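Proteins get letters first, then strands, A, B, ... in listed order; numbering begins at 1 in each. Because the structure is predicted, anything quoted here is derived from the model rather than measured.
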Number of protein chains: 2
Amino acid sequence: MSSLRSSDRELSPEKTAAVLDGALQEFLAHGYAAARIDRIVAAAGVSKATVYRHFADKEHLFMALMQRLASRKKLFWDESIERFEEEPTTFLRHCALTMLENVADDPQVLAFFRIILGESGRFPQLAQAFLTNIEKPGLDCLTQYFQAHPELQLPDPEVAARMFIGTLTHFVVTRDILHGRQIIPIDRDRLLDNLIATLVRPASSASA
Amino acid sequence: MSSLRSSDRELSPEKTAAVLDGALQEFLAHGYAAARIDRIVAAAGVSKATVYRHFADKEHLFMALMQRLASRKKLFWDESIERFEEEPTTFLRHCALTMLENVADDPQVLAFFRIILGESGRFPQLAQAFLTNIEKPGLDCLTQYFQAHPELQLPDPEVAARMFIGTLTHFVVTRDILHGRQIIPIDRDRLLDNLIATLVRPASSASA
DNA sequence: GTCTATATCAGGATAGAC
DNA sequence: GTCTATCCTGATATAGAC
């Protein structure tokens, strides 16, 4: 009597995944309000009725998708925590490059950010899931690092962490999300080098 | 024969202003796609036909409104430029407070930012107008200030300006736009004090 | 459990009176 | 130049067959 009943689960995981994949493209490309169920259906290769059997309505589908995306990027900072023993310059450069690679270089992530920001009025829970899963781990990681390195003589480790992430976020938002490459141009490596140099510059005695 | 023809101008400025005021509320509250012409009409106290006589369609109305808002906030940094002679700590604190007062404390401006960010995919020109009119003047102002104060020994004035504005922007975005007051809390004055302290801390010789 | 076909409705845009 | 009344596209959501 192992599995005579097959009516326990009413939905096929396959179709669910197909719908979510179609929804991914559509919502990331057009935002919530302008997304069209028809196009999700077409991309997923299922019927409209199937969508509504798996998800109560457009809003639930959207929330399910976004929550999944947010938690998928959760492990983001785990590898950086492994490197707590490295020199500040090395460690910070590694963190910055990881951030930029995972965000600025991935159009899907950029679109994801745009949605989170744009729909933060209508879907505050989503914005908060984003902060909890992605923003907070990064801030915590860097705060702990700065705390563990008092020789940098930073007046406030948490503020230093916010300066680091804030500067990089501002860079990505203005350049990639707001299309500012021509308007307020700056070389990526120049920003990186001097951001790090400003934070780790010797505070009292040192060089000439 | 001074003005026998009265059909030179076809639109009344009064109604135009009324429509734009109604559109302001509606677009800022709901974003572009979810905004309803019906509600704009109701708020403006005009008929739907009037809207379409003054503006080609929803998109043109939206652009006109947003462009107007962007250029309205243009003078933002003018008063700060008058204070170039002040001490770094004083000057930077003044800049930061001006930014926060003009943005974080004004729900309408917050909504405006949310729209700009959210619709930056569909309306790239709008995002760029925002950068040109609001973001760039601020960066230029601070860059020039840091350039004029080499005693701070900042390795790169422009990067320092980006750190300053980036940190404050990140603060406002995470706290007010993404509803993060509970999730990644930080006292405003603590952030401000230590942001400034980190940038202006004596680089070589000084205190004990 | 998934499909086809359809109900239902709302929103953007316009025609014609005044 | 503005209003009232209306068109019509297109979108969400569902009913019923297989």
Side-chain angles (χ1 to χ4, degrees), chain A residues 3-66 115 118-119 121-123, chain B residues 3-66 115 118-119 122-123 126:
Chain A
S3 63
L4 286 179
R5 308 161 309 164
S6 71
S7 65
D8 260 339
R9 317 184 81 260
E10 309 241 343
L11 307 169
S12 87
E14 284 180 351
K15 298 283 179 180
T16 306
V19 171
L20 283 173
D21 283 347
L24 179 79
Q25 295 181 24
E26 181 64 13
F27 281 123
L28 290 192
H30 299 99
Y32 176 74
R36 297 294 165 237
I37 302 283
D38 286 1
R39 284 195 290 256
I40 295 178
V41 162
V46 301
S47 79
K48 210 179 283 191
T50 300
V51 171
Y52 284 98
R53 179 163 293 275
H54 288 241
F55 300 95
D57 55 16
K58 187 182 178 181
E59 201 169 311
H60 283 77
L61 171 56
F62 179 68
M63 296 271 294
L65 175 70
M66 289 290 139
I115 305 293
E119 306 296 343
R122 191 195 297 263
F123 298 97
Chain B
S3 62
L4 286 178
R5 306 161 309 165
S6 71
S7 63
D8 261 337
R9 317 185 80 261
E10 309 240 342
L11 306 169
S12 88
E14 283 180 352
K15 298 283 178 179
T16 306
V19 171
L20 282 173
D21 282 348
L24 180 79
Q25 295 181 23
E26 181 65 12
F27 281 123
L28 289 191
H30 299 99
Y32 175 74
R36 298 292 166 241
I37 302 284
D38 287 359
R39 285 196 289 256
I40 294 178
V41 163
V46 301
S47 78
K48 209 183 281 193
T50 299
V51 171
Y52 283 98
R53 180 163 295 277
H54 288 240
F55 300 94
D57 55 15
K58 188 182 179 182
E59 201 169 311
H60 282 77
L61 172 57
F62 178 67
M63 296 270 294
L65 174 71
M66 289 290 139
I115 305 293
E119 305 296 344
R122 191 195 298 263
F123 297 97
L126 242 142

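Here Thr50(B) does not reach the OP1 or OP2 of dG1(D): none of its side-chain N or O atoms lies under 4.0 Å away. An OP1 or OP2 oxygen of dT2(D) is reached within less than 4.0 angstrom by a side-chain nitrogen or oxygen of His54(B). Between Tyr52(B) and dA13(C) there is a side-chain polar atom (N or O) within less than 4.0 angstrom of OP1 or OP2.
For the pair Lys58(A) (side chain) and Ala33(A) (backbone), a donor-acceptor distance under 3.5 Å is present. Put simply, the side chain of Glu26(A) never gets that close to the backbone of Ile37(A): no donor and acceptor are under 3.5 Å apart. Remark: side-chain polar atoms of Gln25(A) are not paired, donor with acceptor, to backbone N or O of Ala43(A) under 3.5 angstrom.
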Any N/O pairs under 3.5 Å between the protein and nucleotides 4-11 of chain D? List them or say none.
unit_1	atom_1	unit_2	atom_2	d
dA11(D)	OP1	Arg36(A)	NE	3.3
dA11(D)	O5'	Arg36(A)	NE	3.2

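The shortest distance between side-chain heavy atoms of His30(B) and Arg39(B) falls below 4.5 Å.
To the nearest 0.5 Å, atom CD1 of residue Ile40(B) and atom CG of residue Leu24(B) are 10.0 Å apart. Ile115(A) contributes atom CD1, which lies 9.0 Å from atom CZ of Phe27(A) (distance to the nearest 0.5 angstrom).
The residue Val46(B) sits close only to the backbone: its heavy atoms come under 4.0 Å of sugar-phosphate atoms, none of a base.
Counting to the nearest Å, the C1' atom of dG1(D) and the CZ atom of Phe55(B) are 15 Å from each other. Between the CZ atom of Arg53(B) and the C1' atom of dG16(C) there is a distance of 12 Å, given to the nearest Å.
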